[in-house]
Amino acid sequence: MTREKPILYIVVPCFNEEEALPQSHGRLSQLMDNMIDQDAISVDSKLLYVDDGSRDDTWEIIERLAAEGGRVAGVKLACNSGHQNALMAGLAAAVEHCDITVSIDADLQDDISVIPTMVERYKAGCDIVFGVRRERKTDTWFKRTTATMFYGLMRRLGVSTIENHADFRLMSRRAVLALLDYKERNLFIRGIVTKLGYKTDCVYYDRSARIAGESKYPLKKMVNFAIDGITSFSVRPVRLVMQVGLLFLLIALAMLIYVLCAYFMGRAVSGWPSIILSIWLVGAFVLIGLGIIGEYVGKIYTEVKNRPRYNIDTTVGLDMK
């Protein structure tokens, strides 16, 4: 049953955010106070910061903020476990204490002013409300182009995603509990959430520039994240390798017929360059195929070890169950 004034936990993964966190907290705290004053959410609502093994003073700032007010909680991971694992840690810590969660990055490039609208959609019956960017003007041409290519590729591979949605979303308690039942270690949360099956909606916003600090998603991490997204939800790349192999078999048979015909007609010419080119071409496809298959085998290896996604070092302002 949906409460008229639900308990909201805003979950904020943090990694080396000592520059941005004080400003982000001020804005989020003001928003939460306004929503409480307007009776939109419960007074028991909190901001939950997850320190993902930061090397700067992020955790010290979180401890200070928790000591200064009653609506701040913190979870410190024992080491850097990655953004997706930190987000799952925050959701797992929050779910027993609240009715709804909103996840958002610490840089607040996502528009927090749409959070009240998200809560309204929850009260109207939605379990999941996605925050979706209207456009990508603040991104570089390279990032904008590669993001468009990524979402297009995901669609063609049959993976259900919300284009231009990252990890800014509202989830009800039962939606979070359902998400936590997904035990895989190769996490691509935005792909899992669309598979939960509960009623969803979208709110649209314009993304702003980072308020402080630098991006925690350089090119290498973005590429790895994209690979995780593709290989965690689709086996089509493996099937594509087989299809390419069959195509090359047909081409080889056609070439065999051509060579035999040329031989018997007396037009055979030794073709060293074509042989070398063929060897390199086939070798390249073999290596690409092995690489794709190896990616899946590697993920199987990671999953069967069944290691924990993260270890919690300490918490503040939160009773862990």
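One-based numbering along the sequence shown.
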*Would you find a donor on one side and an acceptor on the other, under 3.5 Å apart, between the side chain of Asn16 and the backbone of Ser54?*
no
*Sub-3.5 Å donor-acceptor pair from the side chain of Asp105 to the main-chain atoms of Asp107, do we have one?*
no
Rounded at 0.5 Å granularity, tell me how far [atom1] in [X] sits from [atom2] in [Y].
X: Lys76; Y: Cys14; atom1: NZ; atom2: SG; answer: 11.5 Å
X: Ile100; Y: Tyr9; atom1: CD1; atom2: OH; answer: 12.5 Å
X: Asp51; Y: Leu77; atom1: CG; atom2: CG; answer: 7.0 Å
X: Ser172; Y: Ile128; atom1: OG; atom2: CD1; answer: 7.0 Å
X: Met35; Y: Leu8; atom1: CE; atom2: CG; answer: 5.5 Å
X: Tyr122; Y: Ile41; atom1: OH; atom2: CD1; answer: 12.5 Å

Work out which heavy atom in [X] is nearest to a heavy atom in [Y]; give both atom names and the distance.
X: Pro6; Y: Ala40; result: CD-O, 3.5 Å
X: Ala93; Y: Leu318; result: CB-CD2, 3.7 Å
X: Ala178; Y: Tyr198; result: CB-CE1, 3.9 Å
X: Pro116; Y: Ser113; result: CD-O, 3.3 Å

Please tell me if the side chains of [X] and [Y] come closer than 4.5 Å, counting only heavy atoms from C-beta onward.
X: Ser81; Y: Asp52; value: yes
X: Trp59; Y: Thr314; value: yes
X: Arg27; Y: Leu31; value: no
X: Leu180; Y: Met88; value: yes
X: Asp111; Y: Asp206; value: no
X: Leu108; Y: Leu28; value: yes
X: Thr101; Y: Val95; value: no
X: Ile61; Y: Glu18; value: yes

*Step-by-step side-chain contact (heavy atoms from CB on, under 4.5 Å) determination, Arg169 to Ser103*: CA-CA 6 Å; Arg169 72 180 72 88; Ser103 55; 3.8 Å; yes
*Which residue, Val203, Val132, Ile115, Val129, forms the side chain to side chain contact (heavy atoms under 4.5 Å, CB included) with Phe168?*
Ile115
_Is the ring pair Phe130/His165 parallel, tilted or perpendicular, if the boundaries are 30 and 60 degrees?_
perpendicular
*What do the steps show when you test Asp167 against His83 for side-chain contact (heavy atoms from CB on, under 4.5 Å), and what is the final call?*
CA-CA 10 Å; Asp167 287 303; His83 178 272; 3.4 Å; yes
_side-chain contact (heavy atoms from CB on, under 4.5 Å) between Arg133 and Tyr205, intermediate numbers included_ = CA-CA 5 Å; Arg133 298 170 62 173; Tyr205 66 95; 3.5 Å; yes
*side chain to side chain donor-acceptor pair (under 3.5 Å) contacts in which one or both residues fall within residues 36-49, not counting sequence neighbours*: His25-Tyr49
*Step through the shown structure and confirm whether more than 12 heavy atoms of other residues, nucleotides or ligands are within 6.0 Å of NZ on Lys123.*
yes
*Between Arg174, Arg121, Lys199, which is the residue that forms a side-chain hydrogen bond (donor to acceptor under 3.5 Å, both in side chains) with Asp127?*
Arg174
_Does Leu170 form a side-chain contact (heavy atoms from CB on, under 4.5 Å) with Val119? I'd like the steps, not just the answer._
CA-CA 8 Å; Leu170 176 145; Val119 175; 4.2 Å; yes
_Pair listing, salt bridge (charged side-chain N to carboxylate O under 4.0 Å, His left out) test, anchored in residues 55-64, at least two apart_ = Arg64-Glu68
